[in-house]
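Notes follow once the structure below has been shown.
Computation of the quantities below employed the complete heavy-atom set of this structure, encompassing side-chain atoms and omitting hydrogens, waters and symmetry-equivalent molecules.
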Amino acid sequence: MAILEIIEAPHPVLAAKARPVRDDEFGDALAAHMQDMAETMYAAPGVGLAAPQVGDSRRVIVADPGNDPDEADDERQLYLMVNPVIIERSREMIEGEEQCLSVPEMTVRVRRHRRIVVRWRDPYGAPREEAFEDWAATVLQHELDHLDGTTLYDRASRLKRSRYVKRRKKLVREPLHAR
Ligand SMILES: [Zn+2]
């Protein structure tokens, strides 16, 4: 198990459309990689992480949306999703504030479907399907966005984006000068 480096926006791997995992890629190596992603997510701490955020442009996400920040509920339910697809979306929408491990210190209000049904495969190729609502549905729609190259950075206003870039440049420069 290892903690992976989380890539921050703007970065080409975060903007790219991730490719599907091929049949010959399922198995122990993929499972181990996804456990590393999960460990990285919990350490951050976060409730979801998509493979492009660790530099892997494949359709893979890990999520523990049971970790609702508004509820004192520490029960872990880890989802390891390979090639996830949303097969149903409610017409009803909800809106909430989101943050992203790849876009530090930025909060963006995003509209999401209140309920979705996701179909995916586990790291060994077994098919899975489940419905998610409210916070969990939001977390998964956020992670699925990453697989299509969309981050909160893209959803933010131009003003928020330019403030963010200025702040990041400063943060990157300062540690170098300090050394
Ligand atoms: Zn994110």
Original post:
ring pair (Phe, Tyr, Trp, His ring centres under 6.0 Å) with F26: which residues, sequence neighbours excluded?
Top reply: none
**OP:** Treat each ILVMFWY residue as a node, draw an edge where side-chain heavy atoms are under 4.5 Å apart, and state whether Y42 and V60 are in one component.
**Re:** yes
Subject >> Which residues share a side chain to side chain contact (heavy atoms under 4.5 Å, CB included) with A131, sequence neighbours left out >> reply: R115, V117
Subject >> side chain to side chain contact (heavy atoms under 4.5 Å, CB included) partner of T138, chosen from E97, E98, E143, H113 >> reply: E98
Original post:
Side chains of I86 and E88: closer than 4.5 Å at any heavy-atom pair?
Top reply: no
Subject >> Qualifying ring pair (Phe, Tyr, Trp, His ring centres under 6.0 Å) pairs, either residue in residues 140-160, two or more places apart >> reply: H142-H146, Y153-Y164
Original post:
Closest heavy-atom contact between I6 and A44?
Top reply: CD1-CB, 4.3 Å
Original post:
Who pairs with R91 by side chain to side chain contact (heavy atoms under 4.5 Å, CB included), at least two apart in sequence or on another chain?
Top reply: none
Original post:
If you take all heavy atoms of L147 and A50, which pair is closest and at what distance?
Top reply: CD2-CB, 4.2 Å
Subject >> Closest non-hydrogen atom pair between A9 and V103, with its separation >> reply: CB-CG2, 4.1 Å
**OP:** Begin with the C-alpha distance, continue with both residues' side-chain angles, and end with the deciding distance and a verdict on side chain to side chain contact (heavy atoms under 4.5 Å, CB included) for V118 and E130.
**Re:** CA-CA 6 Å; V118 183; E130 198 172 318; over 6 Å; no
Original post:
How would you list, by chain and number, every residue that makes a side chain to side chain contact (heavy atoms under 4.5 Å, CB included) with A32, sequence neighbours excluded?
Top reply: none
**OP:** Determine, using the 4.5 Å side-chain heavy-atom cutoff (strictly less than), whether M37 and L30 are members of one ILVMFWY cluster.
**Re:** yes
**OP:** Give a yes or no on whether the backbone of I7 and the side-chain of S102 come within a donor-acceptor separation of less than 3.5 Å.
**Re:** yes
**OP:** Using the rule that two of Ile, Leu, Val, Met, Phe, Trp, Tyr join whenever any of their side-chain heavy atoms come within less than 4.5 Å, decide whether L4 and V21 are in one cluster.
**Re:** yes
Subject >> For N83, all residues meeting side-chain hydrogen bond (donor to acceptor under 3.5 Å, both in side chains), sequence neighbours excluded >> reply: none
Original post:
Counting N and O atoms only, with roles assigned by atom type, does the side chain of W120 sit under 3.5 Å from a partner on the main chain of V85, one being a donor and the other an acceptor?
Top reply: no
**OP:** Determine, step by step, whether Q141 and I116 satisfy the side chain to side chain contact (heavy atoms under 4.5 Å, CB included) criterion, reporting the C-alpha distance in whole Å, the side-chain angles of both residues, the deciding distance to 0.1 Å, and the verdict.
**Re:** CA-CA 9 Å; Q141 286 169 88; I116 56 172; 3.9 Å; yes
Original post:
Which pair of heavy atoms, one from A2 and one from E39, lies closest together, and at what distance?
Top reply: N-OE1, 3.1 Å
Original post:
D134: what forms a side-chain hydrogen bond (donor to acceptor under 3.5 Å, both in side chains) with it, not counting sequence neighbours?
Top reply: R114
Subject >> hydrophobic_cluster_shared for L80 and V54, side chain cutoff 4.5 Å >> reply: yes
Original post:
Of the options I3, V62, L101, which is the one that meets T40 in a side chain to side chain contact (heavy atoms under 4.5 Å, CB included)?
Top reply: I3
**OP:** Apply side chain to side chain contact (heavy atoms under 4.5 Å, CB included) to the pair R167 and E105, showing each step before the final yes or no.
**Re:** CA-CA 9 Å; R167 206 163 53 225; E105 297 167 57; 3.6 Å; yes
**OP:** Applying side chain to side chain contact (heavy atoms under 4.5 Å, CB included), name anything that partners R111, two or more places apart in sequence or on another chain.
**Re:** M93, E95
**OP:** Give every residue pair that meets the salt bridge (Lys or Arg N to Asp or Glu O under 4.0 Å) criterion with at least one member in residues 149-160, sequence neighbours excluded.
**Re:** D145-R155
Subject >> Non-neighbouring partners of Q77 that pass side-chain hydrogen bond (donor to acceptor under 3.5 Å, both in side chains), sequence neighbours left out >> reply: Y79
**OP:** Sort and list the pairs that fulfil salt bridge (Lys or Arg N to Asp or Glu O under 4.0 Å) and have at least one residue in residues 9-22, not counting sequence neighbours.
**Re:** K17-D148, R19-E25, R22-D24, R22-E25
**OP:** Enumerate the residue pairs fulfilling salt bridge (Lys or Arg N to Asp or Glu O under 4.0 Å) with a member in residues 2-14, sequence neighbours excluded, ordered by first and then second residue.
**Re:** E8-R168
